[in-house]
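Computed from a predicted structure; not experimentally measured. Only heavy atoms go into these numbers, but all of them, side chains included; no hydrogens, no water, no symmetry mates. Just so it is clear: chains get the letters A, B, ... in the order the sequence lines come, proteins before strands, and each one is counted from 1.
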There are 2 protein chains.
Amino acid sequence: MAITRRTLVYDGPGGPFEGVVAWDDAVAGQRPGVMIVPNVLGQKEADNRTAERLAALGYVAFAVDLYGQGKRTTRESPDPAVYMNALNADRALLRDRLHAALAALHGLPEVHPDRTAAIGYCFGGKAVLDLARAGAAVCGVVSFHGIYDPPPYEVSRIGAKLLVCHGWDDPLSPPDSLVALGHELTRAGADWQVHAYGHTGHAFTDASVAAGGRAGFGYQPDSDRRSWAAAVGFLAEVFT
Amino acid sequence: MAITRRTLVYDGPGGPFEGVVAWDDAVAGQRPGVMIVPNVLGQKEADNRTAERLAALGYVAFAVDLYGQGKRTTRESPDPAVYMNALNADRALLRDRLHAALAALHGLPEVHPDRTAAIGYCFGGKAVLDLARAGAAVCGVVSFHGIYDPPPYEVSRIGAKLLVCHGWDDPLSPPDSLVALGHELTRAGADWQVHAYGHTGHAFTDASVAAGGRAGFGYQPDSDRRSWAAAVGFLAEVFT
């Protein structure tokens, strides 16, 4: 096994965009492709490492960029959410950028075009739910500590399978919003599951967010491990 | 591997009780023990088959009896819920019978006394939640389409880990009751997870309950498969 990366610059509304593709170059032929949609801060090394973990499972993994080349923030930025807020305010643009990223994934010669999925964290969790809501041609999506408010555009039937990994104490996604999501996904006819974890807040997969800082936020190693195992099993299921 | 059964008659309040133990007699020495708590109908062949599935995983499995020797019903009985209703009306007695069954499991020479767990279906799902609420010495419990109303006795800290496998459309356990359970288990300091499945009703693991009969009830093969896989992984985790 030799996990390899390359930078991929691709077009779309507001682009160009710059993401990173990871794959195992000991694997021959087409294989499933998985998009990773970053959190509020945008494309970064943590996402590329997630791509490498997925590549080690035999997938082509693509850590995408929704903000545009060079547009990233850190927790120390004056406004870490500046790019996220702009996209949150224009869910149709978010949708169109997601479609552009998916088209770039579909365009990779190593990717089987009928076998793609997307996972996302925080704002990226919301984004992959929107990808499913928009009827994108993906087999499945996994949201980790996503946000559940529906987009303003009409959602008809959702064909992608969904796994929603949820921290019960997440103040950005309180139980009421989770229940509303359950009803929404049911109305849309989706094959959906929610895994809810007790004593778990927002960003529970993110080891860079210390637990015990801001209430309802922070890394939770049990929930991180359990949700990753669930996602790995889910991806295997949707690609069979 | 040679999966073997024996009938176990044991004492307790309202007893004697009669359950079935299954184990792999190719395995030597003490191993984890798992109680199976039946649904409304009481101890029956379906529970013994579940015990055999757990025995094949290397556990000593014990399909318990909460009603008393000879007290069982079928779907065709004049009142299939007659024994369940009596126990539902006396949650302290339910608790005491659960403790009696657990003591019987702990008394088996093949069972490691520090490594036990319980799974349950429907009323048995409620029962295993009560077992955890009562502070029983189990490592973990799994509820499949259980009922979530708390018992009238005081629950302090819950030490057992909990996995709650939940059908979103279950009319016996609507979303409000699931949310209340999440808050209850959080207050009790428990390590808890809920797996909620869309388009899934009560009795989703039970192939004898036809889907499309009574609204919100019926076998759902995807949720049956997913919840079993989750339970198998959970048991492996709580016994490590």
Side-chain angles (χ1 to χ4, degrees), chain A residues 129 132 140 143 148 157-170 173-201 204 216 220-238 240, chain B residues 129 132 140 143 148 157-170 173-201 204 216 220-238 240:
Chain A
L129 294 175
S143 162
Y148 306 140
R157 200 175 183 290
I158 294 179
K161 298 180 182 184
L162 301 104
L163 172 63
V164 176
C165 296
H166 173 81
W168 191 255
D169 299 336
D170 187 337
S173 296
D176 282 357
S177 74
L178 183 70
V179 170
L181 179 70
H183 292 321
E184 180 205 341
L185 297 178
T186 297
R187 281 193 305 273
D191 177 337
W192 67 267
Q193 303 168 67
V194 165
H195 291 194
Y197 308 106
H199 304 286
T200 300
F204 63 81
Q220 215 289 7
D222 287 330
S223 302
D224 181 35
R225 174 178 46 78
R226 290 167 177 169
S227 62
W228 182 255
V232 169
F234 175 82
L235 290 174
E237 178 186 330
V238 303
T240 52
Chain B
L129 294 175
S143 162
Y148 307 138
R157 199 174 185 289
I158 293 179
K161 298 181 182 184
L162 301 104
L163 172 62
V164 176
C165 297
H166 173 81
W168 190 254
D169 299 335
D170 187 336
S173 296
D176 282 358
S177 74
L178 182 71
V179 170
L181 179 70
H183 293 321
E184 180 204 341
L185 298 177
T186 296
R187 282 193 304 274
D191 177 337
W192 68 266
Q193 305 169 63
V194 165
H195 290 194
Y197 308 105
H199 305 286
T200 300
F204 63 81
Q220 215 289 7
D222 288 331
S223 302
D224 180 36
R225 174 178 46 78
R226 290 166 177 168
S227 62
W228 182 256
V232 168
F234 175 81
L235 290 173
E237 178 185 331
V238 302
T240 51

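Proximity to chain B (any heavy atom under 4.5 Å) is shown, for D176(A), by neither the backbone nor the side chain. Both the backbone and the side chain of H183(B) come within less than 4.5 Å of a heavy atom of chain A. With a 4.5 Å cut-off on non-hydrogen atoms, R225(A) touches chain B through its side chain but not through its backbone. In this structure, no portion of A230(A) lies under 4.5 Å from any heavy atom of chain B. Residue contact with chain B, scored on non-hydrogen atoms closer than 4.5 Å, involves the side chain of W168(A) exclusively.
Ranking D191(B), D169(B), L162(B), L185(B) against chain A, the residue ahead of the rest is D191(B), based on heavy-atom pairs under 4.5 Å.
Aromatic ring pairs are classed by plane angle as parallel below 30°, tilted from 30° to 60° and perpendicular above 60°; the pair H195(A) and H195(B) is parallel.
One distance of note links CG of D222(B) with CD of E237(A); it measures 6.5 Å at 0.5 Å rounding.
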